[in-house]
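Scroll down for the structure; my scribbles are underneath it.
In this chain, residues are counted from 1 in sequence order. The figures here come from the full heavy-atom set of this structure, side chains too, leaving out hydrogens, waters and symmetry mates.
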Amino acid sequence: KMLDKQLALKLKALTGNQTIWEPLMEHLNNLKTLELQALVVATSESEMFRSQGRVNSLVRLEQLPEQVKEAINRKEEI
């Protein structure tokens, strides 16, 4: 589901504030690195799938500024 314009405008306060967003990105990147390390040593299929899901969620959070920008600039469809 795409991000709607109203929510995007609220999230812009977070993603547009570099003082807040840059340390958050650093933290997300550190979490992603740890999860990728766990994925490499996963011994079961379920462990692997859980790690992949966590990495996917972290990547989606990292992409939030682009999603916010796209939603704000999107023309409303009739």
Side-chain angles (χ1 to χ4, degrees):
K1 184 178 186 265
M2 288 197 291
L3 185 60
D4 72 54
K5 197 172 222 168
Q6 271 189 317
L7 184 55
L9 288 168
K10 292 176 185 175
L11 288 170
K12 188 177 180 188
L14 171 67
T15 61
N17 184 334
Q18 293 306 307
T19 305
I20 295 171
W21 187 252
E22 286 179 10
L24 180 57
M25 281 294 295
E26 185 177 342
H27 179 62
L28 294 174
N29 197 36
N30 291 341
L31 290 174
K32 188 170 70 171
T33 298
L34 288 173
E35 205 53 57
L36 287 170
Q37 290 171 353
L39 181 59
V40 168
V41 297
T43 56
S44 71
E45 198 173 77
S46 63
E47 266 184 285
M48 185 183 72
F49 290 146
R50 279 194 292 272
S51 284
Q52 286 173 335
R54 289 185 196 108
V55 169
N56 187 338
S57 294
L58 292 165
V59 168
R60 290 186 66 168
L61 284 171
E62 289 175 337
Q63 295 169 345
L64 190 58
E66 291 82 21
Q67 292 171 359
V68 166
K69 209 175 293 180
E70 190 276 329
I72 290 171
N73 294 330
R74 185 182 327 124
K75 296 210 185 317
E76 295 301 319
E77 296 189 14
I78 301 170

Task: Flag side-chain contact, heavy atom, 4.5 Å: Arg54 against Ser57 - done: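 No, every pair of side-chain atoms sits at 4.5 Å or beyond.
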Open item on the list: My understanding is that only residues two or more places apart in sequence, or in another chain, count here; which of them pass side-chain hydrogen bond (donor to acceptor under 3.5 Å, both in side chains) with Glu70?
Closed with: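 Listed in chain order: Arg74.
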Task: Contacts of Thr15 that satisfy side-chain hydrogen bond (donor to acceptor under 3.5 Å, both in side chains) - sequence neighbours left out - done: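 Per chain and number, Thr15 pairs via side-chain hydrogen bond (donor to acceptor under 3.5 Å, both in side chains) with no residue.
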Task: Side-chain donor/acceptor of Lys5 to backbone N/O of Ile72, under 3.5 Å - done: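 Present.
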TODO: Using modelled atom types only, decide if a donor and an acceptor are shared between the side chain of Asn73 and the backbone of Lys69 within a distance under 3.5 Å.
DONE: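 Yes: the side chain of Asn73 pairs with the backbone of Lys69.
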Task: side chain to side chain donor-acceptor pair (under 3.5 Å) pairs, two or more places apart, involving residues 16-28 - done: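 Passing the test, one end in residues 16-28: no pairs.
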Open item on the list: Please enumerate all residues that pass side-chain contact (heavy atoms from CB on, under 4.5 Å) together with Leu58, with sequence neighbours excluded.
Closed with: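 Counting only residues at least two positions away or on another chain, Leu58 forms a side-chain contact (heavy atoms from CB on, under 4.5 Å) with Leu28, Leu31, Lys32.
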- [ ] With rounding to the nearest 0.5 Å, note down the distance linking CE in Met25 to CD1 in Ile20.
- [x]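 Taking CE in Met25 and CD1 in Ile20, the distance rounds to 14.5 Å.
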Open item on the list: Restricting to non-hydrogen atoms, name the atom on Ala8 and the atom on Val68 that form the minimum distance, rounded to 0.1 Å.
Closed with: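 Heavy atoms of Ala8 and Val68 come nearest at O-CG1, 3.4 Å.
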Are [Y] and [X] co-members of a hydrophobic cluster defined by side-chain heavy atoms under 4.5 Å apart?
X: Leu3; Y: Leu14; result: yes
X: Leu7; Y: Leu9; result: yes
X: Val59; Y: Leu34; result: no
X: Leu61; Y: Leu36; result: no

Task: Partners meeting salt bridge (Lys or Arg N to Asp or Glu O under 4.0 Å) with Glu47 (sequence neighbours left out) - done: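 Glu47 satisfies salt bridge (Lys or Arg N to Asp or Glu O under 4.0 Å) with no other residue.
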TODO: Sort and list the pairs that fulfil salt bridge (Lys or Arg N to Asp or Glu O under 4.0 Å) and have at least one residue in residues 36-45, not counting sequence neighbours.
DONE: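 Residue pairs passing salt bridge (Lys or Arg N to Asp or Glu O under 4.0 Å), neighbours aside: none found.
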